[in-house]
There are 2 protein chains.
Amino acid sequence: MRRMSEEPRTSRIQRQVVQLILDRRLTAGAPLPTEAELMEDLGVSRNSVREALKALQALDIVEIRHGYGTYVGQASLTPLVDGLTFRTLARHDDDPGALAEILQVREVLEEGLIRRVAATVTEAELDRLEGVVTRMERAGGTGRSFPELDREFHEILYASLGNAQLLGAFWTVFRRVSGARGWTADPSPEITVRRHRDIVTALRARDVEGAQRAMAVHFRGIEARAAQESRGVG
Amino acid sequence: MRRMSEEPRTSRIQRQVVQLILDRRLTAGAPLPTEAELMEDLGVSRNSVREALKALQALDIVEIRHGYGTYVGQASLTPLVDGLTFRTLARHDDDPGALAEILQVREVLEEGLIRRVAATVTEAELDRLEGVVTRMERAGGTGRSFPELDREFHEILYASLGNAQLLGAFWTVFRRVSGARGWTADPSPEITVRRHRDIVTALRARDVEGAQRAMAVHFRGIEARAAQESRGVG
DNA sequence: TGTTATTTGTTCGTATGTATT
DNA sequence: GAATACATACGAACAAATAAC
């Protein structure tokens, strides 16, 4: 008699490789056994090993370098960004709710976290934020580097909390989806600059409520723009 | 002369399959071309097709059914859970900050979203929440189904906002990591039941501030427990 | 500089397991 | 049960990239 529905070989190999990383306490960048070694150690063919490694590479759990070797990956949030972007895009254009959900998460996260930031932000960080706003002002009409500066602002803001990467991931998803639909989130450069400056001003005054309110206002602007676009009003 | 650093074949195939799904507006569960068809259409070998499909399967963008066919995946948040769990676990046990970050995100999200829930929650939903709390009370000491009930509570709470899946993902990551380190987040069954009942009571009274405060108190308890455990105090 | 060894990338052929009809 | 269509898995070979000598 034969067992039915055994675990697929590729899945098993995936688990074994992950367990190997955890057991040996390997950190990002550490070398992994070569494909040939994994074949021998796990008693499977090269194709099975490769399929498992490809799957883990997609999750950024391993990193494969052609002609060099396989290494522990950075476990970055790239798969999260790719997955959420596809998920949002695949819900079709007639569903504006999908994009609104991403924005809602960003909004709630940033409005909540800025209260903690206000309590711990240093003068040096405030100066860096001020610098970004100034560069925004200079960039002005040339929309080229504007989104990058916006991202930089939000990254500096939450760097001290350790959650900056996660915030950045949601930022990227929102931008990619809106970009794929042919529009950008900024209402107008002048207003966007002003909103960001208001946030820095409130933070400098250690005004927790004011900072949260300024962030809320900033997001109201983005929301309005998104609602406008999703109605097909170019 | 030869072009240097062309895009790896597997990556190209991945993009092409994703584009195919988007272009044809295929939804979850729709059948994809068979491996043989993809080989022909894209002009590559079976192994390359399989490696690309395995990578997309890891992202839940496609679903492969042995002996049956390949289908568009659910684009669920499973990869997010796997990735974040590995990411948190791989930062080693001596770094309590990694787990604290996950908890911080949950806390900020739930405390922010419950304000919106309070404004829109229906009587029927409140009754369902009440029912979960009652079942918690009955489960009492038997810690068996307790975590499941907790999860169910939080899922019902945010179901109307459409972000329940994302919240559930963070819930699962937190639980898996704490589980892998041999402890559970509940301070004591009685207190946990009480905290949840307080939330329902505040919601029923349409008390936005009270609901947020009750949620905050709930998370303070979890935080305290996590801090205790990460110090090695069993 | 160029040569060589190592490692991953890609392909083919073949056999086997699985689900549907 | 049989036939068919499909995914799963193995082995061998050659191509391409990288590092080190």
Side-chain angles (χ1 to χ4, degrees), chain A residues 1-18 20-21 24 26 28-74 78, chain B residues 1-18 20-21 24 26 28-74 78:
Chain A
M1 215 204 286
R2 177 164 294 130
R3 237 168 302 140
M4 60 173 66
S5 81
E6 283 187 50
E7 183 181 18
R9 194 151 305 198
T10 304
S11 310
R12 195 194 71 207
I13 300 173
Q14 284 184 47
R15 277 195 304 100
Q16 288 172 315
V17 172
V18 169
L20 181 147
I21 295 173
R24 299 190 187 174
L26 301 180
L32 251 43
T34 66
E35 292 180 355
E37 286 170 333
L38 286 175
M39 286 171 60
E40 179 133 359
D41 293 351
L42 307 179
V44 292
S45 76
R46 177 143 180 248
N47 275 337
S48 298
V49 168
R50 286 183 55 78
E51 286 176 10
L53 290 179
K54 282 289 178 184
L56 292 178
Q57 186 186 37
L59 299 173
D60 202 18
I61 287 177
V62 309
E63 181 189 350
I64 306 174
R65 296 187 213 164
H66 187 172
Y68 193 34
T70 308
Y71 298 80
V72 177
Q74 302 295 323
T78 308
Chain B
M1 215 201 282
R2 177 166 294 128
R3 240 167 302 142
M4 60 173 65
S5 82
E6 283 187 49
E7 183 182 18
R9 196 151 305 201
T10 305
S11 312
R12 196 193 72 207
I13 301 173
Q14 284 184 46
R15 276 195 306 99
Q16 287 173 316
V17 172
V18 169
L20 182 147
I21 295 173
R24 299 189 186 174
L26 302 179
L32 252 42
T34 66
E35 291 181 354
E37 286 170 333
L38 286 175
M39 287 171 60
E40 178 133 359
D41 293 351
L42 307 179
V44 292
S45 77
R46 165 167 259 122
N47 244 327
S48 299
V49 169
R50 286 181 57 76
E51 287 177 8
L53 289 179
K54 284 289 179 183
L56 291 179
Q57 185 185 38
L59 298 174
D60 201 19
I61 288 177
V62 311
E63 182 188 350
I64 305 173
R65 295 186 213 163
H66 188 167
Y68 193 32
T70 308
Y71 298 81
V72 178
Q74 302 295 323
T78 309

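Residue numbers begin at 1 in each chain, while the letters A, B, ... track the order of the sequences.
Nearest nucleotide to the S45(A) side chain, out of dT18(D), dG11(D), dG9(C): dG11(D). Taking every side-chain heavy atom of T34(B) into account, dA7(D) is the closest of dA7(D), dA19(C), dT8(C).
Distances shorter than 4.0 Å separate some side-chain N or O of S48(B) from OP1 or OP2 on dT11(C). Proximity of R46(B) to the phosphate of dT8(D): no side-chain N or O atom is located under 4.0 Å from OP1 or OP2. Phosphate proximity of dT8(C) to T70(A): present, with a side-chain N or O under 4.0 Å from OP1 or OP2. Side-chain nitrogen and oxygen atoms of T10(A) include at least one within less than 4.0 Å of the OP1 or OP2 phosphate oxygen of dA9(D).
In this structure, the side chain of E37(B) engages the main chain of T34(B) through a donor-acceptor pair within 3.5 Å.
Taking atom CG on L53(B) and atom P on dC6(D), their separation rounds to 14 Å, with Å as the unit. Taking atom NZ of residue K54(B) and atom P of nucleotide dA7(D), one finds them 11 Å apart after rounding to whole Å. Going from atom CD of Q14(B) over to atom P of dG9(C) covers 12 Å, rounded to whole Å. Atom CD in Q57(B) sits about 12 Å away from atom C1' in dT8(D), given to the nearest Å. dA9(D) atom P lies 10 Å from atom CD of E7(A), rounded to whole Å. Residue E63(A) contributes atom CD, which lies 15 Å from atom C1' of dT7(C) at whole-angstrom precision. Put simply, OH on Y68(B) is 18 Å from C1' on dT8(D), counting in whole angstrom units. Look at CZ on R9(B): it is 18 Å from P on dC14(D), rounded to the nearest Å.
Surrounding CZ of R24(B) are at most 12 heavy atoms belonging to other residues, nucleotides or ligands under 6.0 Å away.
Comparing R65(B) and M39(A) by the nucleotide of DNA chain D that holds the closest heavy atom to each, the one mapping nearer the 5' end is R65(B). With DNA chain C read from its 5' end, the first of the two nearest nucleotides for N47(A) and G69(A) is the one closest to G69(A).
R9(A) has no carboxylate O lying under 4.0 Å from a charged side-chain N of E51(A), or vice versa, which leaves the two without a salt bridge. Between R12(A) and E7(A) there is no salt bridge, since no side-chain nitrogen of the basic residue lies less than 4.0 Å from a carboxylate oxygen of the acidic one.
In this structure, CG in L20(A) is found 8.0 Å from CG in L42(A), a value given to the nearest 0.5 Å.
Base engagement by R50(A) is indicated by at least one non-hydrogen atom pair under 4.0 Å involving a base atom.
Taking a pair to require two hydrogen-bonding distances under 3.5 Å in either a Watson-Crick or a G-U wobble arrangement, dT1(C) remains unpaired.
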